[in-house]
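My questions will all concern the structure given below.
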Amino acid sequence: MITNSMYKFVLLIVLAAFIGCSSSDEPNKQKETAAQNKSEPSRSAGYVKQASFTDFDGSSVPISKFQGKVVMIDFWETWCKPCIASFPTLEKLQKEYSENFVVLAVTPGFTDTQQDAQTFASNHDYSFTYLMDANNLHQKLGVRGIPYKVFVDPEGNLIKESRGSYGPKEDYKQIKKIIEKHKKS
């Protein structure tokens with residue numbers, strides 16, 4: 001028999017999962033960057049430019065390592081169905097633009113452990129750079145739900161942040177547009 005407090009707890013968990021892992025035809029949140037809105041400096045831009053993650057071996061991986069390419073930091077976790085659903089599209093774009101674009105699949109650690117992410121990576125054939133957000137960039141950016149994508153230009157400058165998904169076809173078009181606009185010739 002489920003008690004009233006147990007029922008409320010289960011309902012709260014289900015609601016939190018639903019809100020935290022949202023997918024819609026339009027992203028729930030988009031932030032313009034300082035580059036797009038010169039009148040308002042962006043604290044996020046400074047955090048992103050100095051971002052550093054940890055690989056599965058425990059080594060530090062600074063975002064500057066990918067200088068020269070458009071970088072997409074994709075905050076995701078193994079339980080997030082919209083996150084996983086976007087992976088084939090991201091893989092396709094990374095292969096099409098292998099010289100100009102890289103996907104950093106970054107686990108913020110909401111509930112997933114490094115082992116969870118590592119198991120997923122070894123069981124799937126995506127060529128992403130899998131990383132852990134050991135320095136809490138997601139907290140500095142105010143990430144409250146996933147999928148959450150952060151786009152960085154070849155010089156390390158923040159292009160934009162977005163949460164949610166447009167669906168595979170529209171995600172492809174939107175991300176391709178960002179790559180084409182910001183890639184080095």
> Going by heavy atoms in the side chains, are Tyr126 and Val103 under 4.5 Å from each other?
Replying inline: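 No - every pair of side-chain heavy atoms lies 4.5 Å or more apart.
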
> Hey, mind stepping through Val70 and Tyr97 against side chain to side chain contact (heavy atoms under 4.5 Å, CB included) and telling me if it holds?
Replying inline: CA-CA 9 Å; Val70 174; Tyr97 291 96; over 6 Å; no

>> Whether the side chain of Asn100 engages the backbone of Lys183 through a donor-acceptor N/O pair (distance < 3.5 Å, no angle test) should be reported.
In response: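 No.
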
> Hey, are the side chains of Phe120 and Trp76 touching, using non-hydrogen atoms and a 4.5 Å cut-off?
Replying inline: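 Yes, close enough: below the 4.5 Å cut-off.
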
>> The criterion is side chain to side chain donor-acceptor pair (under 3.5 Å); which residues satisfy it with Gln67, sequence neighbours excluded?
In response: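 Per chain and number, Gln67 pairs via side chain to side chain donor-acceptor pair (under 3.5 Å) with no residue.
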
> Out of curiosity, Lys160 NZ to Asp153 CG, how far, rounded to the nearest 0.5 Å?
Replying inline: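 Nearest 0.5 Å value for the NZ-CG distance: 14.5 Å.
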
>> Main chain of Ser98, side chain of Lys69: is a donor-acceptor contact present, judged purely on distance under 3.5 Å?
In response: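 At least one qualifying donor-acceptor pair exists.
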
> With the threshold set at 4.0 Å, does a side-chain nitrogen-carboxylate oxygen contact exist between Glu170 and Lys173?
Replying inline: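 Lys173 and Glu170: salt-bridged.
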
> Are the side chains of Cys80 and Pro147 in touch, meaning some heavy atoms are under 4.5 Å apart?
Replying inline: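 Yes - at least one pair of side-chain heavy atoms lies under 4.5 Å apart.
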
> Does a donor on one side chain sit under 3.5 Å from an acceptor on the other, for Tyr130 and Gln118?
Replying inline: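 Their side chains do not contain a donor-acceptor pair, so the 3.5 Å distance test is not met.
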
> So, for Val48 and Ile63, which heavy atoms are closest and what is the spacing to 0.1 Å?
Replying inline: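 Of all heavy-atom pairs spanning Val48 and Ile63, the closest is O-CG2, 3.4 Å.
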
> Looking at side-chain heavy atoms only, is the closest gap between Asn136 and Tyr47 below 4.5 Å?
Replying inline: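 No, every pair of side-chain atoms sits at 4.5 Å or beyond.
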
> Closest approach of Thr78 and Ile84, non-hydrogen atoms and distance?
Replying inline: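 Taking Thr78 first and Ile84 second, the nearest heavy atoms are O-CG1, 4.0 Å.
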
> CG of Asn123: more than 12 outside heavy atoms within 6.0 angstrom?
Replying inline: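 Yes, CG of Asn123 has more than 12 neighbouring heavy atoms, counting only those of other groups under 6.0 Å.
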
>> Nearest 0.5 angstrom please: Phe151 CZ to Asn157 CG, how far?
In response: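 One gets 15.5 Å once the value is rounded to the nearest 0.5 Å.
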
> Would you say the side chain of Glu77 lies within less than 4.5 Å of the side chain of Pro108, judging by non-hydrogen atoms?
Replying inline: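 Yes; the side chains approach each other to less than 4.5 Å.
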
> Taking atom NZ of Lys140 and atom CG of Leu137, what is their separation to the nearest 0.5 Å?
Replying inline: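 Taking NZ in Lys140 and CG in Leu137, the distance rounds to 7.0 Å.
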
> When you measure from the side chain of Gln94 to the backbone N and O of Ser127, does any donor-acceptor pair fall under 3.5 Å?
Replying inline: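 The answer is yes, because a donor-acceptor pair under 3.5 Å joins these two groups.
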
> How far does CG of Leu158 sit from NZ of Lys49, to the nearest 0.5 angstrom?
Replying inline: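 Separation between the atoms: 10.0 Å.
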
>> Would you say the rings of Phe110 and His138 are close, in the sense that their centroids are separated by under 6.0 Å?
In response: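 Yes - the distance between ring centres of His138 and Phe110 falls below the 6.0 Å cut-off.
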
> If you take all heavy atoms of Val152 and Ile159, which pair is closest and at what distance?
Replying inline: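 Looks like C-CD1, 3.7 Å.
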
> Do Phe53 and Ile73 touch side chain to side chain, with heavy atoms closer than 4.5 Å?
Replying inline: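 Heavy-atom side-chain distance check passes, below 4.5 Å.
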
>> Can you confirm whether Gln50 is buried at CD, in the sense that more than 12 heavy atoms of other residues, nucleotides or ligands lie under 6.0 Å from that atom?
In response: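 Not buried by this count: 12 neighbours or fewer within 6.0 Å.
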
> Mind checking whether Ser86 and Lys149 have side chains closer than 4.5 Å, heavy atoms only?
Replying inline: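 They are in contact (side-chain heavy atoms under 4.5 Å apart), so the answer is yes.
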
> What pairs of residues pass the salt bridge (charged side-chain N to carboxylate O under 4.0 Å, His left out) test when at least one of them lies in residues 90-102, not counting sequence neighbours?
Replying inline: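 Listed by first then second residue: Glu91-Lys95.
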
>> A side-chain contact here means heavy atoms from C-beta on lying under 4.5 Å apart; do Thr54 and Ser59 qualify?
In response: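 Thr54 does not reach Ser59 side chain to side chain.
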
> Is a salt bridge present between Glu155 and Lys184, judged by a nitrogen-to-oxygen distance below 4.0 Å?
Replying inline: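 Salt bridge flag = yes for Lys184 with Glu155.
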
> Atom NZ in Lys176, atom CG in Leu93: separation rounded to 0.5 Å?
Replying inline: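 Between Lys176 NZ and Leu93 CG, I get 8.0 Å after rounding to 0.5 Å.
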
>> Using every non-hydrogen atom in the two residues, find where Tyr166 and Asp171 come nearest and quote the distance to one decimal.
In response: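 Taking Tyr166 first and Asp171 second, the nearest heavy atoms are N-OD1, 2.8 Å.
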
>> Which residues pass the side chain to side chain donor-acceptor pair (under 3.5 Å) test with Thr119, not counting sequence neighbours?
In response: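 So Thr119 forms a side chain to side chain donor-acceptor pair (under 3.5 Å) with Gln115.
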
> Roughly how far, to the nearest 0.5 Å, is the CG atom of Leu131 from the CD atom of Gln114?
Replying inline: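 The distance works out to 10.0 Å.
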
